[in-house]
Amino acid sequence: MSQTVRTRPEGSDRALSEAYDTALLDLDGVVYAGGNAIAYAIDSLAAARAGGMHLAYVTNNALRTPGAVAEHLTELGTPTEASDVITSAQAVARLISEQVPAGARVLVIGGEGLRVALRERGLEPVESAEDDPVAVVQGYGGPDLPWGRFAEACYAISRGVPWFASNTDLTIPGARGIAPGNGAAVEVVRIATGAEPQVAGKPLPPMHRETVLRTGAKRPLVVGDRLDTDIEGAFNGEVDSLLVLTGVTDGPQLLAAPPEHRPTYVDTDLRGMLTGQPEVVAAGEGFRCGGWTATAGAERLELEGGGEPMDGLRALCAAAWTAAGDGSCGLDAGKALARLGL
Ligand SMILES: [Mg+2]
């Protein structure tokens with residue numbers, strides 16, 4: 001990747017929903033959490049759409065079909081068609097279809113989303129290593145996936161059948177806490193076989209390619225809550241990104257982000273799509289955004305001034321990312337972030 005290193009969030013005179021034609025929205029931690037809509041999400045999405053922005057939803061979760069995800073979103077209050085949902089199951093099905101003959105049998109370790117995506121590409125999902133599969137695909141199977149499914153994968157992979165994974169997110173957030181995700185299930189098979197899967201999901205290029213192919217986006221904005229999937233996926237696809245703080249990323253993680261994890265914009269929640277973004281400017285030794293000025297000291301990041309907390313965070317990003325260059329900022333930001341309530 002030969003991209004210049006981002007050292008501060010960018011400004012935008014126009015509302016992001018007007019500056020970009022398509023929002024590629026992550027779901028968990030962005031639109032909903034534990035099945036319920038996140039504050040301001042539904043109204044913000046409606047306003048962005050009313051302004052002419054196309055909304056598409058991009059998920060690494062291969063369990064549910066696009067139709068099931070669209071139904072859930074529609075129930076939450078944001079009317080969605082199945083064609084506006086792109087899953088890692090679709091991305092991995094295309095990846096497989098490019099490497100095997102038409103109509104080939106594929107051993108499925110996962111859920112309905114994977115089976116539907118394979119059929120859409122003209123492939124035949126099968127359930128046993130004895131069904132002569134030419135590929136094995138592994139996607140999130142939900143809490144009831146039997147252990148014997150991993151055994152089927154191992155039998156086929158040990159015979160040299162190529163192995164694919166929809167995504168490798170190690171964890172999946174739920175109402176009761178953090179549960180093992182598909183990445184953890186992939187590790188089980190990896191440990192048992194010593195093989196390596198081809199992976200499609202965020203942050204890897206097959207997922208971004210699938211998204212652009214299906215949406216026809218000309219100037220997309222990736223909107224996500226995770227640095228190592230959503231934001232890194234945007235970086236790899238060389239498109240702009242908006243990080244929202246309604247999910248898994250907190251202030252210290254954002255300030256310590258290496259270049260591939262630095263978003264173009266950062267905002268509290270999806271209301272950030274509807275507004276412009278303030279400029280971060282150099283000011284003396286540091287950086288100013290709104291009423292805040294941030295500087296990098298020898299051991300810690302310092303913050304002076306007052307105003308909107310997000311402006312303070314943007315100024316801190318510039319100070320931290322500039323100090324870190326193409327590395328990761330290790331300066332203590334605890335006191336500065338506490339001033340912002342972050
Ligand atoms: Mg997320």
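All ligand and atom numbering here is 1-based and tracks the order in the structure.
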Would Asp26 count as a contact for the Mg ion (ligand 1), in the sense that one of its N, O or S atoms lies under 2.8 Å from it?
yes
Name of the Asp28 atom (N/O/S only) found closest to the Mg ion (ligand 1):
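For Asp28, the N, O or S atom at the smallest distance from the Mg ion (ligand 1) is O.
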Return the name of the atom in Asp225, of element N, O or S, nearest to the Mg ion (ligand 1).
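Asp225's closest N, O or S atom to the Mg ion (ligand 1) is named OD1.
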Check this for me: does any side-chain nitrogen of one of Asp169 and Arg226 sit under 4.0 Å from a carboxylate oxygen of the other?
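No, this pair does not count.
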Pair Arg149 + Glu127: basic N to acidic O under 4.0 Å
yes
Quick check against the 3.5 Å criterion: does Arg219 have a side-chain atom that pairs as donor or acceptor with the backbone of Ala19?
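Such a contact is found between Arg219 side chain and Ala19 backbone.
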A side-chain contact here means heavy atoms from C-beta on lying under 4.5 Å apart; do Val266 and Arg314 qualify?
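Side-chain contact under 4.5 Å: yes.
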